[in-house]
Amino acid sequence: MTSPQIDIAINSFRRGGGMESYTFDLVRGLTGRGADIHIFAARLDNSLPEYARITPHLIAQGWIPKKLRPYYFSKSLQAARAGRNAPLLACNPSDHADIFICGGTHLGYLANMGKRANPIDKLTIRRNRSNYASAKSIMAHSHLMQRELTGYYGVPSEKIRVIHPPADTERFRPQPEHTAALRRKYGFADSDTVFLFPSTGHKRKGLDLLADFFEHTDLPVKLAVAGSPLPRPMKNVIELGFCPDMPELYRAADYTVMASLYEPFGLVGIESVLCGTKVVLSDNMACTEVMNSEAGFFFSRARPDSFAEAVRAAILLKQGGVSHKIADPLAALTYNPTLPHHIDRLQAMLAAV
C-alpha cells in the first residue's frame, strides 16, 4: 500500500520560531502514521533529525533581494509543485493551500502594536489576503485568530476551523523532586517569589509593563528574564540570557509571567502549565482561551493595577503553606495539547478538503 503524500511549505526548515517548531511537530506526527512528507522550503538544515523523515525540495531564491523573498516564495512554490497531486499544508504565506495554517495576521499585529502600515506592511497585508482567499480551508491556532480572519480580512467563518497547537507533553512535565536543586542552579532565593519571563521580543511581550512594576516594588519578588538581552540593568530583575533547557527553568520558577501586546497563541503559557508552574498572563493572550483558574492568574493590560493584584495573589499563594505548583497540569487546560490529538484533528481536516 502506497503511503499518502502530503506537501508542507515553510520558509525555513531549520531551528527558528514557533512555526518552524510546529512544522517539525507535523513531520514527526504525520510520518509516525505512515505519511510521505515532502517539504518545500527556501532553507533546509540536513542535520536535523526530522530531515531524515522527509523528501526535501529547495525553493531557490538566491537571485531575489532578501526583503522581497517572502513575496516570491508562493510563485516559486507553484512551479516546484507542478504536476503533484498531494495536498498542501502552508505553514508560511503560500497561495492555493489545501490547509493554510494561521498562527497570526499582519493587520492584527499592526493594530495591537499601534503601528501604521508602511509599504512593506501593505505588501504583507496584500499577500495575506491572497493566501486566505486562495486556500481551501484555514486552520486558526486560536479563536483570536478566527476573529481576526473574519473581522480584518472578511474570511467566511465556515472556511475556518480553530485547532489549538500541540505541545511536547513528554519534555514539558512536572519534576517536583528537582525543584530545590534547580533553584540553586539558577540562583533563585527561597525567600523570593520568582516570575519567569521568556522573551526574544521584549516590546511585544510586554517588558515595559513588567519592569514598571518590578523596579518600583518592595515586595520579595524577582523577574527572571530568559532570552534576549535587557536594554539596561533593572532593579529586581535577573538577566539569564539564552537558556537551552526551558523545562527545567519553568520548574525552577514560581510563576511564568507575560504581558504581551499581541500574542496569537502563546505556547510559553502551555509549556509552563505542563511543567507544573502556574502563569500570570494578560488576558488578551490567546493561550488563556484554553486555561481555567487552576492554571494561574490573569490580568488586563488596560488596568495596570490588575497586574499588581495578580502578583500579590501569587505571592500570597506561595506563602500560604500549601504547594503553589500545579499537581495535575492537564486538568488546568481545557484542551488536549498532545501531538497525537492534534494530528487526529488535522487529518480530519485533510479528509474534508
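Just so you know, these numbers come straight off a predicted model, no measurement behind them.
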Under the rule for side-chain hydrogen bond (donor to acceptor under 3.5 Å, both in side chains), what residues qualify as partners of Thr31, not counting sequence neighbours? Arg53
Atom pair CD1/CG of Ile343 and Leu339 - distance to nearest 0.5 Å: 4.5 Å
Can you list every pair that meets salt bridge (charged side-chain N to carboxylate O under 4.0 Å, His left out) and has a residue in residues 23-38, with sequence neighbours left out? Asp25-Arg28, Arg28-Glu50, Arg33-Asp344
Taking the side chain from Ser306 and the backbone from Phe299, do they hold a donor-acceptor pair closer than 3.5 Å? no
Side chains of Ile39 and Pro56 in contact at under 4.5 Å (non-hydrogen atoms): no
Those residues that, when tested against His143, pass ring-ring contact (aromatic ring centres under 6.0 Å, His included) (two or more places apart): His164
Applying ring-ring contact (aromatic ring centres under 6.0 Å, His included) to Phe73 and not counting sequence neighbours gives none
The reported gap from CZ in Arg14 to CG in Leu48 (rounded to nearest 0.5 angstrom) is 10.0 Å
So salt bridge (charged side-chain N to carboxylate O under 4.0 Å, His left out) across residues 319-332, not counting sequence neighbours, yields none
Distance-only donor-acceptor hits, side chain of residues 84-92, under 3.5 Å, sequence neighbours excluded:
from: Arg84; atom 1: NE; to: Asp7; atom 2: OD1; distance (Å): 3.3
from: Arg84; atom 1: NE; to: Asp7; atom 2: OD2; distance (Å): 2.9
from: Arg84; atom 1: NH1; to: Gln5; atom 2: OE1; distance (Å): 3.4
from: Arg84; atom 1: NH2; to: Gln5; atom 2: OE1; distance (Å): 2.8
from: Arg84; atom 1: NH2; to: Asp7; atom 2: OD1; distance (Å): 2.7
from: Asn92; atom 1: OD1; to: Ser94; atom 2: OG; distance (Å): 2.7
from: Asn92; atom 1: ND2; to: Asn11; atom 2: OD1; distance (Å): 2.8

For the atom pair CG (Leu240) and CG (Leu249), what is the distance rounded to the nearest 0.5 Å? 6.0 Å
Evaluate Glu215 against Arg232 for salt bridge (Lys or Arg N to Asp or Glu O under 4.0 Å), listing each step before the verdict. CA-CA 12 Å; Glu215 287 197 289; Arg232 57 179 175 78; 2.9 Å; yes
Sequence neighbours excluded, the answer for ring-ring contact (aromatic ring centres under 6.0 Å, His included) partners of His342 is Tyr22
Can Arg43 be said to sit on top of Phe13's aromatic six-ring, NZ or CZ under 6.0 Å from centre and within 45° of the ring axis? no
Nearest 0.5 Å please: distance from the CZ atom of Phe172 over to the OG1 atom of Thr277. 11.5 Å
So, Arg301 side chain and Ala259 main chain: donor-acceptor pair closer than 3.5 Å or not? yes
Applying ring-ring contact (aromatic ring centres under 6.0 Å, His included), can you list everything that pairs with Phe40, at least two apart in sequence or on another chain? His57
Please tell me if the side chains of Arg127 and His106 come closer than 4.5 Å, counting only heavy atoms from C-beta onward. no
To which residues is Leu149 joined in a hydrophobic cluster, defined by side-chain heavy-atom contacts under 4.5 Å among Ile, Leu, Val, Met, Phe, Trp and Tyr, whether direct or through other members? Phe100, Leu107, Tyr109, Leu110, Met113, Ile125, Tyr132, Ile138, Leu144, Met145, Tyr152, Tyr153, Val155, Ile160, Leu261, Tyr262
Interatomic distance, Lys75 atom NZ to Ile59 atom CD1 [nearest 0.5 angstrom]: 14.0 Å
Please examine the side chains of Met246 and Pro198, heavy atoms only from C-beta on, and report whether any two atoms are closer than 4.5 Å. yes
The criterion is salt bridge (Lys or Arg N to Asp or Glu O under 4.0 Å); which residues satisfy it with Glu20, sequence neighbours excluded? none
One should read off an interatomic distance between Phe214 CZ and Leu207 CG, to the nearest 0.5 angstrom, of 10.5 Å
Looking at Tyr250, Tyr255, Phe188, which one forms a ring-ring contact (aromatic ring centres under 6.0 Å, His included) with Phe195? Tyr255
Under 3.5 Å, side chain of Asp192 to main-chain N/O of Val194, donor-acceptor pair present? no
Could you note down all residue pairs passing salt bridge (charged side-chain N to carboxylate O under 4.0 Å, His left out) where residues 162-181 supplies at least one of them, sequence neighbours left out? none
Assess, by modelled atom type and distance only, whether the side chains of His202 and Ser199 contain a donor and an acceptor separated by less than 3.5 Å. yes
Salt bridge (charged side-chain N to carboxylate O under 4.0 Å, His left out): which pairs involve residues 249-269, sequence neighbours left out? Arg183-Asp254, Arg204-Glu263, Lys205-Glu263, Asp254-Lys318
Audit row: Thr334, Met291, side-chain contact (heavy atoms from CB on, under 4.5 Å) steps and yes/no: CA-CA 6 Å; Thr334 60; Met291 295 179 179; over 6 Å; no
